[in-house]
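What follows is a single structure, written as structure tokens, with notes after it.
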Amino acid sequence: MSFLRNSEENIMSVLKPLTDEEFEPALLEECQFFKGPLGVIPNSVRTMARRPAIARAFTELNAAVMKCDGALTPEFKRLIGYITSFASGCRYCQAHTILASERFGSTAPRMTDAWNYEDSPHFSEAEKVALSFAHAASTVPNSVTPELGDELVKHWSEGEVVELMGVIALFGFLNRWNDSMGTALEDLPMESATRNLAHTDWEAGKHR
């Protein structure tokens with residue numbers, strides 16, 4: 001007997017997200033953190049909350065990774081997350097990262113050109129190198145080359161490279177989680193992705 005589905009449209013969420021009433025109260029309070037960048041507590045976290053230690057550790061990691069201590073900005077970190085998710089094919093995370101980029105002040109040209117950054121005048125040379133590294137680091141098999149690593153450290157400090165890699169690795173976890181779980185998209189990211197990613201092949205698919 002096969003567990004594979006015949007069509008992406010038939011894939012449903014493996015687990016329902018917990019409601020606020022089903023959350024451990026202290027964890028629900030900690031997860032309010034996500035309402036800043038996203039306006040909602042993600043359904044991915046609401047699913048993790050069945051094991052509060054996992055949801056709590058993820059929330060703390062997310063806060064640490066998204067803290068900006070150098071030249072990387074909150075807006076650009078979310079675009080890095082978008083490119084990571086674009087490379088892996090996770091449409092749930094593409095919607096979330098484009099929403100968060102928008103909420104952190106990204107412009108329409110930057111969001112429109114994010115997937116085609118190499119030819120865009122809306123990204124600096126340093127940003128283009130970072131986006132290339134993020135894309136290469138997110139493919140399977142990994143396609144980061146020594147030359148790309150050398151370029152990265154020419155444009156970004158060691159601490160900034162750690163922040164950058166933190167974002168890529170964080171979304172590697174989220175891409176696997178949400179694509180495998182078929183996590184249902186919330187209204188705000190659905191609206192943002194529909195509006196800002198219409199020029200790509202983005203569609204909600206199994207995440208409806």
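Please read all numbers here as calculations on a predicted model, not as lab measurements.
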In Å and rounded to the nearest 0.5 Å, what is the [atom1] to [atom2] distance from [X] to [Y]?
| X | Y | atom1 | atom2 | value |
| --- | --- | --- | --- | --- |
| Glu22 | Leu28 | CD | CG | 11.5 Å |
| Asp20 | Ile41 | CG | CD1 | 5.5 Å |
| Met111 | Ser101 | CE | OG | 7.5 Å |
| Glu160 | His155 | CD | NE2 | 12.0 Å |
| Leu79 | Ile98 | CG | CD1 | 6.0 Å |
| Leu38 | Arg103 | CG | CZ | 7.0 Å |

Could you tell me whether the side chains of [X] and [Y] share a donor-acceptor contact shorter than 3.5 Å?
| X | Y | value |
| --- | --- | --- |
| His96 | Glu186 | yes |
| Glu191 | Thr194 | no |
| Thr59 | Glu30 | no |
| Asn175 | Ser85 | yes |

Could you tell me whether [X] and [Y] have a side-chain N and a carboxylate O separated by less than 4.0 Å?
| X | Y | result |
| --- | --- | --- |
| Lys128 | Glu125 | no |
| Arg110 | Glu127 | yes |
| Arg195 | Glu102 | yes |

Should [X] and [Y] count as side-chain neighbours, where that means a heavy-atom distance under 4.5 Å?
| X | Y | value |
| --- | --- | --- |
| Lys77 | Cys68 | yes |
| Ser132 | Leu148 | yes |
| Ile80 | Phe133 | no |
| Glu163 | Val167 | no |
| Thr139 | Val144 | no |
| Phe58 | Val45 | yes |

Side chain to side chain contact (heavy atoms under 4.5 Å, CB included) assessment of Thr73 paired with Phe104: CA-CA 9 Å; Thr73 66; Phe104 277 108; over 6 Å; no
Indicate if Leu18 and Val14 have the same hydrophobic cluster label, given that clusters are the connected sets of ILVMFWY residues with side-chain heavy-atom separations under 4.5 angstrom.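 Yes, same cluster.
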Parallel, tilted or perpendicular: which one describes the rings of His207 and Tyr92, with boundaries at 30° and 60°?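 Ring orientation of His207 relative to Tyr92: tilted.
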Ring-plane angle category for Phe76 and Phe123, please: parallel below 30°, perpendicular beyond 60°, tilted otherwise.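 Tilted: the ring planes of Phe76 and Phe123 meet at 30° to 60°.
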Salt bridge (charged side-chain N to carboxylate O under 4.0 Å, His left out), paired with Glu24, selected from Arg56, Arg51, Arg46, Arg50: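 Among the candidates, only Arg56 passes.
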Test of understanding: with ring-ring contact (aromatic ring centres under 6.0 Å, His included), list the residues that count as partners of Phe171, not counting sequence neighbours.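 Phe171: no ring-ring contact (aromatic ring centres under 6.0 Å, His included) contacts found.
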